[in-house]
Q: 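Got a structure for you, questions after.
Being a predicted model, the structure only gives us computed values, none of them experimental.
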Amino acid sequence: MVQQKHLQSICMKNKRLKKFTAIMPVYSGSVVNEVEQAMESLLKQSLLPDEIIIVIDGPISSEVETLLEKYLKYENRITKKVLDKNLGR
């Protein structure tokens, strides 16, 4: 397992690794527990993303929407992008 200090030294040597964005799609089939697990996993990584973009690809359940709003309210690195139409297959 890679140690936190080792990851930090890699990032300092390679500026391309210093900042990154995580993109997480959410769609009509998304289950609230799975979305919550994915969000918690992103927020507990050794090397945290500077930005998390949640892409809403079509209608989602009210439970998933409520969960996402909770994260948006308390975590300023998270933004939400709602697509005009479902682009997934």
Q: Can you list the residues that meet the side-chain hydrogen bond (donor to acceptor under 3.5 Å, both in side chains) rule with Ser41, with sequence neighbours excluded?
A: Gln45
Q: State which residues pass side-chain hydrogen bond (donor to acceptor under 3.5 Å, both in side chains) with Gln37; sequence neighbours excluded, sorted by chain then number.
A: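 None.
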Q: According to salt bridge (Lys or Arg N to Asp or Glu O under 4.0 Å), who are the partners of Glu75, at least two apart in sequence or on a separate chain?
A: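 Glu75 satisfies salt bridge (Lys or Arg N to Asp or Glu O under 4.0 Å) with Arg77 only.
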Q: Under the rule for salt bridge (Lys or Arg N to Asp or Glu O under 4.0 Å), what residues qualify as partners of Glu34, not counting sequence neighbours?
A: none
Q: Residues two or more places apart in sequence or in another chain: which of them pass salt bridge (Lys or Arg N to Asp or Glu O under 4.0 Å) with Lys73?
A: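 For Lys73 there are no salt bridge (Lys or Arg N to Asp or Glu O under 4.0 Å) partners, ignoring immediate neighbours.
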Q: To which residues is Ile56 joined in a hydrophobic cluster, defined by side-chain heavy-atom contacts under 4.5 Å among Ile, Leu, Val, Met, Phe, Trp and Tyr, whether direct or through other members?
A: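 Besides Ile56, the cluster holds Met24, Val26, Val32, Val35, Met39, Leu42, Leu43, Ile52, Ile54, Ile60, Val64, Leu67, Leu68, Tyr71, Leu72, Ile78, Val82.
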Q: Any pair with a residue in residues 21-33 that passes side-chain hydrogen bond (donor to acceptor under 3.5 Å, both in side chains), sequence neighbours left out, goes on the list, sorted by first then second residue, please.
A: Thr21-Glu51
Q: How would you list all residue pairs meeting salt bridge (charged side-chain N to carboxylate O under 4.0 Å, His left out) that involve residues 59-68, not counting sequence neighbours?
A: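 Listed by first then second residue: Glu65-Lys80.
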Q: List for me each residue that meets salt bridge (Lys or Arg N to Asp or Glu O under 4.0 Å) alongside Lys81, sequence neighbours excluded, and say none if there are none.
A: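 Partners of Lys81 under the salt bridge (Lys or Arg N to Asp or Glu O under 4.0 Å) test: none.
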Q: When rounded to the nearest 0.5 angstrom, what is the spacing between CG in Leu83 and CG in Asp57?
A: 5.0 Å
